[in-house]
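I have placed the structure first, in the form of structure tokens, so that the comments after it can refer back to it.
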Number of protein chains: 2
Amino acid sequence: MPNRFVRKLENFEKLPKTDRQAIVDVCQNIRKVAARNVMLEPGDWSYLFVSGLACRYQMLEDGTRQITDFIVPGDLCNGYSVLPDSGICSLSQCSVAYIPRDRLAQVMERHPRISRAFWRLAVAEATILRAWTANIGGRPADKRVAHLLCELCHRLCAPDDPGSNSCTLPLSQVDLADATALSPVHINRVLGRLRERKLVGLQRRSITVEDLRRLMAFGQFNGAYLHDVGAPA
Amino acid sequence: MPNRFVRKLENFEKLPKTDRQAIVDVCQNIRKVAARNVMLEPGDWSYLFVSGLACRYQMLEDGTRQITDFIVPGDLCNGYSVLPDSGICSLSQCSVAYIPRDRLAQVMERHPRISRAFWRLAVAEATILRAWTANIGGRPADKRVAHLLCELCHRLCAPDDPGSNSCTLPLSQVDLADATALSPVHINRVLGRLRERKLVGLQRRSITVEDLRRLMAFGQFNGAYLHDVGAPA
DNA sequence: CGAAAGGTTGAAACTTCTCAAGCAGGGTGG
DNA sequence: CCACCCTGCTTGAGAAGTTTCAACCTTTCG
């Protein structure tokens, strides 16, 4: 199950078998979390997401919820940066490996390579966050939405079906609005236009990317910044 | 000189003297970079910023420049995430320690604690990036500008003068526009209003925060997310 | 001295938001 | 099984915030 995490780490740092095993060992305590559940980032546990989709968000002073990033299988959430008014919310049903904080520290102590891989991974994730900022700050609504959907497809769907040109995302329109910093009403209109062009399909609580390649062109999406994190094996 | 970096790392992980020394040793090759210089993130070097202010940016398809974060003394830029259309630009004169990539790898190999501290630091920086997203996505222009200025003051000025209530930032209005995702014209008007309220002062290529405490209240700034990185010793 | 860069100001245009009302589906209790 | 409610989606119209265009000014620099 945590293979995907190991695979991701090995994008950065080839790990000897003992290191890989150490990671697998530490990920035994897996639990299911229902969709639409707020998961407080706890002080003593780290989360390794095994399946499902979640998002990190921040509440602003005026009651707005800003989603700051999505969490996909193979992502590690260490509760170090617990802030008031921020949290993690599952969007679909997720399974999550709960890792005691001190065991993780122990593993890093004993396997320096893992520490370094963690660092590289964190740096790569920062690149994704910057692309998010650029997307929200710089692109008009329709391309912004398209770009975000493309990112999610790549991070979420690609590993299971590399050549896939379509992918269903468990997002409500309000979720998308909070992620793109647009109003739900506007999101609805933008999605309507994307649907007219047969780029996406809309369901009650999910959005299907029908033609990923054309959507990428439309949203000027270049996946280089994903740094192959989560790419097919 | 790199003391500030060590100090930052030790926010996360107490380092033995040998580790601290290893970092200092690796930071000997210091060069000056003039203001307004594009510094390509090179493949073989890491940069440790010692003094000055720089920014990371990303060019978008329509020619917009989006600044995604600021780089302050004590920040480490490892060129791993070199992307097309993104780069680093000095805003003031900077001094930068150039560190050969392989030496840094070596240091991490020999000093596992340093790797772990690097990881923690990268995670903390991600928190700052998320706050940036939330700021751009969620706040109206005036508060957004105020918030950004507050962040910069905290990261840039505080270490030198903890209790300071004012601080001069080497930013042109266009820089601020690119950082906040607002047009230069609008930035100009917003700054005009902040000046009327005696919150900031405007110079030709710099902005002075005159009353940081009031500006923080106005921009609803809570520095918790800075995670004490760069905080006074 | 001229040119370039940064800043200032006004007016019109545009994107996006808000408010408001209405519809559809899915689950629940009667 | 139906009525109901709740959530999520849809649509229209007016309002707001922000952008664009354009002109002009000021300072710096070559």
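The figures here come from the full heavy-atom set of this structure, side chains too, leaving out hydrogens, waters and symmetry mates. Within every chain, numbering begins at 1; the chains are lettered A, B, ... in the order of the sequence lines, protein sequences first and strands thereafter.
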Query raised in the report: Do other residues, nucleotides or ligands put more than 12 heavy atoms under 6.0 Å from the CZ atom of Arg197(B)?
Result: no
[X] [atom1] to [N] [atom2]: how many Å, rounded?
X	N	atom1	atom2	answer
Ile136(A)	dT16(C)	CD1	P	13 Å
Ile207(A)	dG8(D)	CD1	P	13 Å
Gln203(B)	dT8(C)	CD	P	10 Å
Asp178(B)	dG6(C)	CG	C1'	13 Å
His186(A)	dA13(D)	NE2	C1'	15 Å
Arg139(A)	dT19(D)	CZ	P	17 Å
Asp62(A)	dT18(C)	CG	C1'	13 Å

Are any of [X]'s side-chain N or O atoms less than 4.0 Å away from OP1 or OP2 of [N]?
X	N	answer
Asn188(A)	dC9(D)	no
Gln173(A)	dT7(D)	no
Arg189(B)	dA11(C)	no
Arg205(A)	dA24(C)	no

Query raised in the report: Between Asp85(A) and Arg65(A), is there a side-chain N and carboxylate O pair less than 4.0 Å apart?
Result: no
Report task. Give the C-alpha distance, both sets of side-chain angles, the deciding distance and a yes or no for ring pair (Phe, Tyr, Trp, His ring centres under 6.0 Å) between His154(B) and Phe221(B). Result -> CA-CA 10 Å; His154(B) 274 79; Phe221(B) 180 86; 4.8 Å; yes
Query - Selection from dT10(D), dT18(D), dG6(C) that lies nearest to any side-chain heavy atom of Leu202(A) - result: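 Nearest nucleotide to the side chain: dT10(D).
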Query raised in the report: Val185(A) has a side chain; which of dT20(D), dG12(D), dG6(C) sits nearest to it?
Result: dG12(D)
Which part of the nucleic acid, if any, lies within contact of [X], taking any heavy atom under 4.0 Å across all strands shown: a base, the sugar-phosphate backbone alone, or nothing?
X	value
Pro184(A)	nothing
Ser183(A)	base
Ala181(A)	sugar-phosphate
Arg195(A)	sugar-phosphate

Query raised in the report: Tyr47(B) vs Tyr98(B) aromatic rings, parallel, tilted or perpendicular, using cut-offs 30° and 60°?
Result: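 Perpendicular, since the angle between the ring planes exceeds 60°.
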Query raised in the report: Quick one: on DNA chain C, does Leu182(A) or Arg204(A) contact a more 5' nucleotide (nearest heavy atom)?
Result: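 Its nucleotide being nearer the 5' end, the pick is Leu182(A).
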Report task. Answer yes if the side chains of Gln203(A) and Thr208(A) hold a donor-acceptor pair under 3.5 Å, and no otherwise. Result -> yes
